[in-house]
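Structure, as structure tokens:
Here is how names work: the chains are called A, B, and so on, in the same order as the sequence lines, proteins then strands, and each is numbered from 1. It should be emphasised that the depicted structure is a prediction, and the values quoted were computed from it without experimental measurement.
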Number of protein chains: 2
Amino acid sequence: MNTPYHHGNLRQALLDRAIKTLSEKGVEGLSLRGLARDLGVSHAAPLRHFATKVELLNAIAVEGVGSLIAATGGVDANPPGVARLRAMILAYVDWAIEHSELHHILRNPDVMRHASDDLTALLAAFADRQRQEIKAAQESGWRTDTDPEVLFLHLVSLTAGTAIVTTEEVYQRRVAAPETRSNVEASIDLFLG
Amino acid sequence: MNTPYHHGNLRQALLDRAIKTLSEKGVEGLSLRGLARDLGVSHAAPLRHFATKVELLNAIAVEGVGSLIAATGGVDANPPGVARLRAMILAYVDWAIEHSELHHILRNPDVMRHASDDLTALLAAFADRQRQEIKAAQESGWRTDTDPEVLFLHLVSLTAGTAIVTTEEVYQRRVAAPETRSNVEASIDLFLG
DNA sequence: CTTTCAATGTTGACGTTGACTACATGCTGA
DNA sequence: TCAGCATGTAGTCAACGTCAACATTGAAAG
């Protein structure tokens, strides 16, 4: 038979295709039915894997945060300290540039508004990691006279902000062209150095 | 007659009601037909003022940026310099807290993806203002040895990031509770001081 | 004061979507 | 083998965005 009754791995196929569509048409341009059409299955097939559109977006966000955590976890080879903190921030920004569709999802208030428990747990885990790196950097002598909570707030804000500015089209022309990555590093070093 | 044929000022009523709905249900929960129902007009009446939903969102975003510019412009009483730069950043963050629905709109990639020329022009104007304040602060002796473009990138990133972190629900519990505004100031001063 | 006309609102229609239900198919393990 | 569960299909419904045709109104032009 040309098309088997069962797709094989529809769930992952939906996720992959959805991410692709999202990067082209955004959240409002993404439809479960369109996805089904693209993959050659019936219009209600996606509902077997994601009961609602919100659930699909959440699953994508979960995949995104997982990918982000993996990317920023790759710097653990460095010894704890400012250098590793720096590597983590840059890994975040680079990840956002490379996976801008996923980053957009995580930045979309309409998606995060309905964040599942899984998703918020993952985000909390990442926040803990950031807090931990701050602590390690302070223990190695960096900014020992500053409240760790203030440093944490600054870190999270600066990281998120830099990722946005280097990723979103509206800013790219005006603030940070992709080729000005050296400026990004210099900006981060204003905080670290 | 009970309800006059002409509404009077449907355009502004649509904008106001849309902002209210947005803060409760988000972009996907906002519908032109629902708006029409809420205001007691026919389902197609809104189209006379906003031909598409995207157009309505753009108009809201324009109103938002205008409001933001006005808010940050209120600090012009201060003489140019670091103090005024500081006031501008804090005015931005405070504006984001107070008008979080508008801020969310401006942070929604799905909205900014279809930004109109009006909107991008306004955003450019605001970016120019930020660049100008950086220049003024440097002329008053602040961080004279740093590339202005790097400072500008840092300012935009930190401002946007802080506004997000203090505004978005996902962060509020974890990073910055509303009552920790003193931490926000301390965080900003890491950059300014 | 009329006449005209652009702005504004209404009605009805069309295609698409998310979501529900009932049903069909196929894999797997008892 | 075959019972049961996961997965896919088909049909339906209300809501939505958008369009076109028509109605009403106020204001400008004569």
Side-chain angles (χ1 to χ4, degrees), chain A residues 1-61 105 108-116, chain B residues 1-22 24-61 105 108 110-116:
Chain A
M1 48 188 79
N2 224 351
T3 57
Y5 192 92
H6 282 100
H7 178 281
N9 196 356
L10 183 54
R11 186 190 153 90
Q12 192 58 44
L14 284 166
L15 287 174
D16 293 343
R17 182 75 200 193
I19 290 170
K20 187 176 175 186
T21 303
L22 278 171
S23 70
E24 292 164 3
K25 318 204 179 191
V27 172
E28 297 225 57
L30 177 72
S31 79
L32 295 174
R33 294 177 98 111
L35 241 37
R37 267 193 305 274
D38 292 346
L39 299 176
V41 292
S42 77
H43 63 103
L47 298 183
R48 290 292 163 197
H49 302 273
F50 307 101
T52 70
K53 185 178 175 181
V54 165
E55 213 168 278
L56 169 65
L57 290 173
N58 250 290
I60 294 172
I105 291 294
N108 191 316
D110 260 8
V111 173
M112 302 313 282
R113 164 193 302 274
H114 304 108
S116 65
Chain B
M1 47 190 81
N2 224 350
T3 56
Y5 193 92
H6 283 100
H7 178 281
N9 195 356
L10 183 54
R11 186 190 154 92
Q12 192 59 44
L14 284 167
L15 287 174
D16 293 344
R17 182 75 200 192
I19 290 170
K20 188 175 175 187
T21 302
L22 279 171
E24 292 164 3
K25 318 204 179 195
V27 172
E28 298 224 57
L30 177 72
S31 78
L32 295 174
R33 292 178 101 112
L35 241 38
R37 264 193 306 273
D38 292 346
L39 299 177
V41 293
S42 75
H43 64 100
L47 299 183
R48 292 290 162 197
H49 303 273
F50 308 101
T52 69
K53 187 177 174 180
V54 165
E55 213 169 278
L56 168 65
L57 290 172
N58 250 293
I60 293 172
I105 291 295
N108 190 317
D110 262 7
V111 174
M112 301 314 282
R113 165 192 301 276
H114 306 107
S116 66

Check each residue of residues 26-39 of chain B for a non-hydrogen atom within less than 4.0 Å of any atom in DNA chain D, then write out the ones that pass by number, or none. B:Leu30, B:Ser31, B:Leu32, B:Arg33, B:Arg37
If I take atom CD in residue B:Glu55 and atom P in nucleotide D:dG17, what distance separates them, rounded to the nearest angstrom? 14 Å
When you get a sec, tell me which of D:dT18, C:dG9, C:dC20 is the closest nucleotide to the side chain of B:Thr52? D:dT18
Take atom NE2 of A:His114 and atom C1' of C:dG18, then tell me their distance rounded to the nearest Å. 14 Å
Could you give the CG-to-C1' distance, from B:Leu14 to C:dT8, as a whole number of Å? 12 Å
A:Leu30 CG to A:Glu28 CD distance, which is reported to the nearest 0.5 Å: 10.5 Å
Quick one: pull up CG in B:Leu57 and CG in B:Leu22 and give me the separation to the nearest 0.5 Å. 6.5 Å
Rounding to a whole Å, what distance do you find between A:Leu10:CG and C:dC27:P? 15 Å
Gap between atoms CZ and C1', on A:Arg48 and C:dA22 respectively (whole Å): 10 Å
So, under a plain 3.5 Å distance rule, would you say the side chain of B:His43 forms a donor-acceptor pair with the base of C:dG12? yes
Donor-acceptor pair, B:Lys53 side chain versus B:Val27 backbone, under 3.5 Å? yes
Taking only residues two or more places apart in sequence or in another chain, which ones pass side-chain contact (heavy atoms from CB on, under 4.5 Å) with A:Arg113? A:Asp110
Gap between atom CG of A:Leu14 and atom CG of A:Asn9 - 0.5 Å precision: 9.0 Å
Rounded to the nearest angstrom, tell me the gap between atom CG in B:Leu47 and atom P in D:dG17. 9 Å
How many whole angstroms separate atom CG of A:Leu56 from atom C1' of C:dG18? 12 Å
To the nearest 0.5 Å, what is the distance between CG (B:Asn58) and CE (B:Met112)? 8.0 Å
What is the distance, rounded to the nearest whole Å, between atom NZ of B:Lys53 and atom P of C:dT16? 18 Å
Does a side-chain N or O of A:His49 approach OP1 or OP2 of D:dG8 to a distance below 4.0 Å, or not? yes
Nearest 0.5 Å, what's the CG-CD distance between B:Leu47 and B:Glu55? 9.5 Å
